[in-house]
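Scroll down for the structure; my scribbles are underneath it.
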Amino acid sequence: MHKNKDLKRVARFRFSATRFRSREERAMPVNLDELKNASNLRGRGARAGGVFVAPVDNRAHVSGERSVPLLDKTIPALFSDTVSKYGTLDAAVFVDQDKRFTWSELSDTVDALAAGFLALGLAKGDRVGIWSPNRWEWLVTQFATARIGLILVNINPAYRLTELDYALNKVGCKALVTAAKFKTSDYLGMIETLAPEIAKATPGKLKAQKLPALKIVIRMGEENSPGMFNFGDVLAMAGRDEHDSLDRISEKLKPGEAINIQFTSGTTGAPKGATLTHGNIVNNGNFVTSAIKLTVDDRLCIPVPLYHCFGMSMGTMGCVSKGATMVFPGEGFDAGATLKAVAQERCTGLYGVPTMFVALLDHPDFSAFDLSSLRTGIMAGSPCPIEVMKKVVSLMHMEQVTIAYGMTETSPVSFQSGVDDPLEKRVSTVGRIHPHVEVKAVDADGATVAVGVPGELCTRGYSVMKGYWDDDDKTREAIDSDGWMHTGDLATIDAEGYCNIVGRVKDMVIRGGENVYPREVEEFLYRHPKVREVQVFGIPDAKYGEELCAWIVLKPGQIATEQEVRNFCAGQIAHYKIPRHIRFRTELPMTVTGKPQKFLMREAMVEELGLVAQKTA
C-alpha cells in the first residue's frame, strides 16, 4: 500500500490535507537499472542543508551535525586501517564455536577467502548470497566479499524454500555460502530440493533450472556435500596470483558503489532488496558506535543476527571503525548463552532488540551472572518499552545504554540517544538526529508538521540506500524526487529535537473518529506489574469502524483476567484507548529481529470473531 494512502486516513481527523502528489511527481530522476553508479546522488540535499539539531520555526524538521566529516573510505580500506593499528588485539570471539581471532588473524582469513573467491572466477559486482546464522564464517564472508567488490546478499536464516528461491533469483546470486543447518532448517536439503541437479554437478559448475544464475555453492562445516565446495577448501584454494591481486582490486573500489543487499521483512508483499554502499555502512557503523563512546578497549556482545543491519552494520562494521572486540554468544539468540558470554568475556557493551532484553531480565538465573563489566549498548529494532529500558539501566549496569531508530533502507540509524542525555529522554525517546542526516515529519500532503504533532518520518542524506535492487517502481514509491526516504513510521519531534515513534502509519487506529496510536496504549499497559509483553492493534468494528485489541504475554507464574486489565486502564487513559478485546498468549508472532507481526495478530482476531472489514474510500 502506498504510504500516502495510509496517511490519508490520518488526514481526515488530524491533518489538513488538500491533495496528494502523484507517483509521477515523486518519481526519482536516477537510473537504477544496474545500481553501479559510484556517487550516491541522494546525499545532495542533506549535504546542502544547514545544521539544526533542534527544530526551527516550530517545524518538525532537524538536520544533524557536520563537524565530524564523513569517512570517504571503502569497507576494506577501513578494515585495513584497523588491522594495521590493532593487529595483535582481539577482533572477534565466537563463544559457541570456540573460535577467536586477533585483527591480524581475521585479516589473513578474510584475504584467504577473498583470494579463493577470485580463484573460483567471481569478480566485482557478482552477487554472493550468505545463508547462515551467526558463525565465524559469516563474519569472514562479509569482509572477504567487500575486499574484492562482490555484493554480499544477506539471506534470512529463517527463510524456507519459496523465500530462498525468490531471494537468489531476484538479485541473480552467482554464488551461495551456506551453513548446513540451523534449528529446524535443513539448508542443504532445501538447496538440493530447489536444485536437484547439484547431486551430479561438478562443484562450481551448477546448472539448475530453477536457479539459473547460481553456479557456486560453498558449505560450512567439515563434511563434504555433492556439487558443493567446502568452506575450508575455498580458504586454501588460491595461489600467489590471486593473493597478489587483492590490494589492486581493493584500491579501485569506490565508497559509493553497491556492496550489500539486505531484504526487507516483506510483511505486506514480496521482500525488497535494499541496496547499500560502502559509504552507507562504513559511516553509519562509525556514527552509531561513536554515540555509545565505543573504543578499542571495549568488548561488544552481539547476539542480534548478522544477516540484519543491526548485526552487520551497527555491530561488526561499528567495531571495525573503533577496533573494539566483537563477541558472539551463539548461532542464534539464547538468553542464557548471552548472559554467560557477557560475564565470561567481560563485555562492556550489549546489543539487542527489546524482546531479547526482556528474555535476559526474566532468565531464572539472571542474578547468578556477573554483569558488572557492562557500561553501554543499544536497544533497537522495534519500539523500546520504557519500563524495560529502566530495568536495563538499573539491573544490568548499562547506565550508558542508548536507543537507536532507523530502517534497513537508511543503513540503518537516523536517530540515537546519547550516553549523556537525561535518563528521562533516553527512556522515552529514540534520541536526536544523527550526523550528516536530515529528517522531517510530514502530513498526508507532504507538508512538514508542527513540533509535537505526529507525522510520517522522512529521511535523506548519506545513509539513504541506492535503491531496491531491480525494482525502480518500489524505489520511486519510497524515495521522492527530492531524495527523501519515506519511512512509513509515525513520529513526533519535540522542541529540543528528540524524536518519539508513535507507531506505523498503517498501524494507527481510527476508532469512531478518534486517532489512537497503539504504541501509547502499549506503553501504558507495560506499567501493569503482571505484563511481560504486549501488542495493541486495530480490528474491524461495525459501529466504530475500528476497535482496539491487545495481545498480552504475562510474566512467568502470573494469572490475570481481561477485566483486571480494563480496570487497570479505567480512569488512567481515555475510554476510547482501552482495548475492547484482550487476549492472553504464551508468545507473540515476531520476525527474527524482534519486530511484532501485527498483521498476523489482526488476521487471527478477524478469523476468531468472524469479522468483515468495512470498505472505505
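It should be emphasised that the depicted structure is a prediction, and the values quoted were computed from it without experimental measurement.
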For [X] and [Y], work out which heavy atoms get closest and say how close.
| X | Y | answer |
| --- | --- | --- |
| V327 | V95 | CG1-CG2, 4.1 Å |
| V392 | F357 | CG2-CD2, 3.6 Å |
| R346 | S372 | NH2-OG, 3.2 Å |
| P329 | C301 | CG-SG, 3.6 Å |
| Q97 | W136 | OE1-N, 2.9 Å |
| K99 | F101 | CE-CZ, 3.5 Å |

If I take atom [atom1] from residue [X] and atom [atom2] from residue [Y], how far apart are they, to the nearest 0.5 angstrom?
| X | Y | atom1 | atom2 | result |
| --- | --- | --- | --- | --- |
| L374 | L371 | CG | CG | 5.5 Å |
| T277 | K466 | OG1 | NZ | 6.5 Å |
| F52 | R59 | CZ | CZ | 13.0 Å |
| I281 | S313 | CD1 | OG | 4.5 Å |
| I378 | Q400 | CD1 | CD | 12.5 Å |
| M317 | M326 | CE | CE | 9.0 Å |

Short side-chain donor-acceptor distance under 3.5 Å, [Y] and [X]:
| X | Y | answer |
| --- | --- | --- |
| D507 | Y517 | no |
| H61 | E438 | yes |
| Q416 | T402 | yes |

With side chains defined as the heavy atoms from C-beta onward, is the minimum distance between [X] and [Y] less than 4.5 Å?
| X | Y | answer |
| --- | --- | --- |
| T141 | T145 | yes |
| Y351 | V288 | yes |
| F415 | L457 | yes |
| V521 | V516 | yes |
| T492 | V453 | no |
| L360 | F333 | yes |
| L361 | M396 | yes |
| L78 | T74 | no |

Practice problem: Go through S132 and E137 one step at a time and tell me if the side-chain hydrogen bond (donor to acceptor under 3.5 Å, both in side chains) criterion holds. | Solution: CA-CA 9 Å; S132 166; E137 296 96 335; 5.9 Å; no
Does a salt bridge link [X] with [Y], judged by any charged N lying under 4.0 Å from a carboxylate O?
| X | Y | answer |
| --- | --- | --- |
| D298 | K293 | no |
| K555 | E387 | no |
| E496 | R432 | no |
| K73 | D81 | yes |
| K340 | D365 | no |
| E456 | K440 | no |
| D96 | R135 | no |

Self-check item: Six-ring centre of Y468, K272 cation under 6.0 angstrom, axis tolerance 45°
Solution: yes
Say whether, by atom type as modelled, one donor and one acceptor occur between the side chain of [X] and the main chain of [Y] under 3.5 angstrom.
| X | Y | answer |
| --- | --- | --- |
| T82 | V320 | yes |
| T376 | G349 | no |
| S417 | I403 | yes |
| T275 | G273 | yes |
| S63 | G50 | yes |
| N286 | N283 | no |
| E65 | V53 | no |
| S414 | T410 | no |
| R147 | I75 | no |
| K598 | V536 | yes |

Quiz item: Passes side-chain hydrogen bond (donor to acceptor under 3.5 Å, both in side chains), N134 versus Y307? Steps please.
Solution: CA-CA 8 Å; N134 287 11; Y307 89 89; over 6 Å; no
Exercise. Sequence neighbours left out, what pairs pass side chain to side chain donor-acceptor pair (under 3.5 Å) with at least one residue falling in residues 524-534?
Key: D362-R532, K530-E564
Practice problem: Inspect the surroundings of NZ in K425 and state if more than 12 heavy atoms from other residues, nucleotides or ligands are less than 6.0 Å away. | Solution: yes
Practice problem: Any chance you could lay out the side chain to side chain contact (heavy atoms under 4.5 Å, CB included) test for V177 and V128, step after step, and finish with the verdict? | Solution: CA-CA 7 Å; V177 179; V128 177; 4.1 Å; yes
Quiz item: Going through the checks in order, is the side chain to side chain contact (heavy atoms under 4.5 Å, CB included) test met by N154 and F263?
Solution: CA-CA 7 Å; N154 300 7; F263 285 99; over 6 Å; no
Quiz item: For the side chain to side chain contact (heavy atoms under 4.5 Å, CB included) test, which of M407, M314, M465 pairs with P412?
Solution: M314
Practice problem: Walk me through it: do R100 and E345 pass the test salt bridge (charged side-chain N to carboxylate O under 4.0 Å, His left out)? | Solution: CA-CA 12 Å; R100 293 173 180 267; E345 296 294 331; 2.5 Å; yes
Exercise. Would you check, one step at a time, whether the test side-chain hydrogen bond (donor to acceptor under 3.5 Å, both in side chains) holds for S290 with K322?
Key: CA-CA 8 Å; S290 291; K322 305 297 186 296; 3.2 Å; yes
Quiz item: When you look at T102 and E105, which way does the side chain to side chain contact (heavy atoms under 4.5 Å, CB included) test go after all the steps?
Solution: CA-CA 5 Å; T102 64; E105 289 167 345; 3.2 Å; yes
Self-check item: side chain to side chain contact (heavy atoms under 4.5 Å, CB included) assessment of V464 paired with E409
Solution: CA-CA 6 Å; V464 176; E409 291 89 336; over 6 Å; no
